[in-house]
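I have placed the structure first, in the form of structure tokens, so that the comments after it can refer back to it.
What you see is a predicted model; the values in this text were computed from it and never measured.
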Amino acid sequence: MSEKKEFISTRKGITYLDLFAGAGGFSEGFMQAYTDDKYYDFRLASDINENCELTHRVRYNKMLGLDTKFMCQDIMEDSFLPNLLKEIGNQEIDVVTGGPSCQSFSLAGRRKKLDKRDDLFYHYLKVIKALRPKYFVMENVKGILTKDEGRIKERILREIRSIVDDAKMNRLYAFLEDVLKPQMPASLYHALYTRLCMETSTDNWDKQNEIFFENLEQQLKEVTKHLPYSISKSDESVNTIRHGLLLLKMKQQRDAIRKQVIQLKTSAHIDNDTFIDGYNAIIETISDEQILEKTLEAIDKVAKMGDCPDEAKSLKQSLEILTSTFDECIEYIQEQLKNKEGLLHHLNEMMKEIRLYNIEEPFVLLSSDYGVPQNRERVVFVGCRNDQEVINEIPATVTDSEKVKVDWEWRNRNFV
């Protein structure tokens, strides 16, 4: 213990916590990364596995004498984040690390479609949004880059780029009011503005959601008024639009059902059997993507019947905005300003301050470049808060000549 006190007396502590901690691989690496003036102050670890908690307590609490806490809880539980915030208290966390379970992303063996673990990145990012550390690190297998033809990777990057500094959002709202509002259809602008408010208004999300769908319902009236009354009330395509809007509005209820079905699938080990297609069909049927696809197809049919392409186009664009990430909404705004270089430049500079984290592409790292006697590739996402230095590379710690290698000629001569 006296050695510990002497060690930290001359160094500044960089607080960090480790999610999906397992046996502590991330934790060990960070603890060994101290310098002459800094060290990593390990505050908390979390994992769902009780054996991981036992390993943690023996290693860090007993052997090293640290006061690091451990949370043994599923990150997907609604109470996880409140419990985490309670454990952390008023501490500022500088770094968050984590390697969400990667079995369903692995290139080795079969991948389970719509596996519970595919959602763990989302819950990891919920922690990032709440803690807003200076840096965060996510690790996974290389297969994550090609999962669902790269859509999973793009989803992760978009979600990271959608974490915003709420205090600076008023600048964006004012910009939109001055620049976009005069040149866009009122209903479409209203949809875009409300969607951006939904991204940051966690306390009154329900109210913003209600406002958004009031606007959609008014747009639907603009479409159906071109139809005969009997058709507007009973046609299959019109009903599909109405019911599609209701389903999209009930997002929280659908998400709860989806979570329960995926949990049931995982708990019952439903995979490679005659149940799998039916359970996946339930999940896909209530997804934003499938509801949106069917609703947009119905709008096209109604637009032809009523000869109202402009009204239909506005409704479709509003629906696409509803199911877009914050990052996709910004791309939409950029597209509206593509011929106005000055305004586009102003928007891009403003977004550098509004987006809380900078990230471009994930790193593909080879373990042997860092002293591990194994050629194993891993993908690492590093998010850098916008007031911190951007990490553009992770240099190797050993040269090629320093790598631990096996002399196959010697091995064959002596053992084969």
Side-chain angles (χ1 to χ4, degrees), residues 1-101 120-140 160 163 165 356-357 359 380-389 391 394:
M1 187 63 68
S2 61
E3 292 179 355
K4 174 191 169 186
K5 291 181 179 179
E6 182 179 347
F7 176 83
I8 66 176
S9 63
T10 58
R11 293 175 172 86
K12 176 184 177 183
I14 301 174
T15 57
Y16 78 100
L17 60 84
D18 188 9
L19 304 179
F20 310 98
F26 253 130
S27 309
E28 287 292 323
F30 269 74
M31 291 191 69
Q32 294 176 26
Y34 62 86
T35 64
D36 290 338
D37 60 344
K38 296 177 182 177
Y39 76 100
Y40 285 93
D41 184 6
F42 190 14
R43 303 313 307 157
L44 182 144
S46 173
D47 199 282
I48 194 174
N49 192 309
E50 294 179 357
N51 291 324
C52 295
E53 179 177 10
L54 177 61
T55 301
H56 170 97
R57 295 199 182 283
V58 171
R59 169 60 178 163
Y60 299 108
N61 300 136
K62 299 295 183 182
M63 293 178 62
L64 299 183
L66 302 179
D67 60 355
T68 308
K69 297 179 180 180
F70 192 96
M71 278 182 58
C72 190
Q73 185 179 0
D74 188 346
I75 195 173
M76 293 182 70
E77 293 179 4
D78 293 337
S79 61
F80 178 87
L81 187 53
N83 288 342
L84 176 65
L85 296 176
K86 182 178 179 180
E87 290 287 350
I88 293 173
N90 296 324
Q91 298 178 84
E92 180 180 353
I93 301 300
D94 296 315
V95 181
V96 175
T97 66
S101 179
L120 291 177
F121 277 115
Y122 171 74
H123 291 276
Y124 180 93
L125 291 182
K126 281 180 65 177
V127 174
I128 300 302
K129 290 178 182 180
L131 297 183
R132 303 200 170 194
K134 295 176 182 177
Y135 294 92
F136 66 86
V137 183
M138 293 194 304
E139 175 268 342
N140 215 291
I160 293 172
I163 303 174
D165 187 341
L356 200 59
Y357 289 96
I359 189 168
V380 174
F381 295 80
V382 180
C384 312
R385 204 171 70 189
N386 60 16
D387 60 349
Q388 302 297 313
E389 183 178 350
I391 297 176
I394 303 179

For [X], side-chain contact (heavy atoms from CB on, under 4.5 Å) partners two or more places apart:
X: D41; value: T15, Y39, R43
X: T35; value: D37, K38
X: L81; value: L84, L85, V127, A130
X: E92; value: D94, K134, R385

Could you tell me if the side chain of [Y] sits less than 4.5 Å from the side chain of [X], heavy atoms only?
X: I75; Y: L120; answer: yes
X: Y135; Y: E389; answer: yes
X: L44; Y: E87; answer: yes
X: F381; Y: I359; answer: yes
X: F136; Y: Y124; answer: yes

Straight-line distance of [X] [atom1] to [Y] [atom2], nearest 0.5 Å:
X: L17; Y: I93; atom1: CG; atom2: CD1; answer: 5.0 Å
X: E53; Y: D47; atom1: CD; atom2: CG; answer: 9.5 Å
X: S79; Y: D74; atom1: OG; atom2: CG; answer: 9.5 Å
X: L125; Y: H123; atom1: CG; atom2: NE2; answer: 10.5 Å

- request: Please identify each residue that fulfils salt bridge (Lys or Arg N to Asp or Glu O under 4.0 Å) with R132, with sequence neighbours left out.
  value: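 Per chain and number, R132 pairs via salt bridge (Lys or Arg N to Asp or Glu O under 4.0 Å) with D166.
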
Salt bridge (charged side-chain N to carboxylate O under 4.0 Å, His left out) partners of residues 76-86, not counting sequence neighbours, each pair once: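 Applying salt bridge (charged side-chain N to carboxylate O under 4.0 Å, His left out) to every pair that reaches into residues 76-86, excluding sequence neighbours, yields D78-K259.
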
- request: For side chain to side chain contact (heavy atoms under 4.5 Å, CB included), just list the numbers for L131 and I88, CA-CA rounded to whole Å, side-chain angles, deciding distance to a tenth of an Å, and then say yes or no.
  value: CA-CA 10 Å; L131 297 183; I88 293 173; 3.8 Å; yes

task: Would you confirm whether Y40, through its side chain, and V95, through its main-chain N or O, come within 3.5 Å as a donor-acceptor pair?
output: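 No: the side chain of Y40 does not pair with the backbone of V95.
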
query: Any donor and acceptor pair, going by atom type alone, linking the side chain of S46 with main-chain N or O of L19 inside 3.5 Å?
result: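 No, because the side chain of S46 does not come within donor-acceptor range (under 3.5 Å) of the backbone of L19.
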
message: Among residues at least two apart in sequence or on other chains, which ones pass side chain to side chain donor-acceptor pair (under 3.5 Å) with N83?
response: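 Expected list: Q73.
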
Report, one line per pair, each donor and acceptor closer than 3.5 Å where one atom sits in a side chain of residues 20-34; sequence neighbours left out.
from: S27; atom 1: OG; to: D18; atom 2: OD2; distance (Å): 2.7
from: E28; atom 1: OE1; to: R59; atom 2: NH2; distance (Å): 3.2
from: E28; atom 1: OE2; to: R59; atom 2: NE; distance (Å): 2.8
from: E28; atom 1: OE2; to: R59; atom 2: NH2; distance (Å): 3.4
from: E28; atom 1: OE2; to: Y60; atom 2: OH; distance (Å): 2.9

query: Looking only at heavy atoms, which two atoms of N61 and D67 are closest? And how far apart?
result: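 What the structure gives for the nearest pair is ND2-C, 4.1 Å.
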
- request: Write out all pairs satisfying ring-ring contact (aromatic ring centres under 6.0 Å, His included) with one or both partners inside residues 63-88, taking only residues at least two apart or from two chains.
  value: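 For residues 63-88: H56-F70.
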
Atom CG of D36: over 12 foreign heavy atoms under 6.0 Å: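 Not buried by this count: 12 neighbours or fewer within 6.0 Å.
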
query: Stepwise, does the side chain to side chain contact (heavy atoms under 4.5 Å, CB included) test hold for T97 with M138?
result: CA-CA 6 Å; T97 66; M138 293 194 304; over 6 Å; no

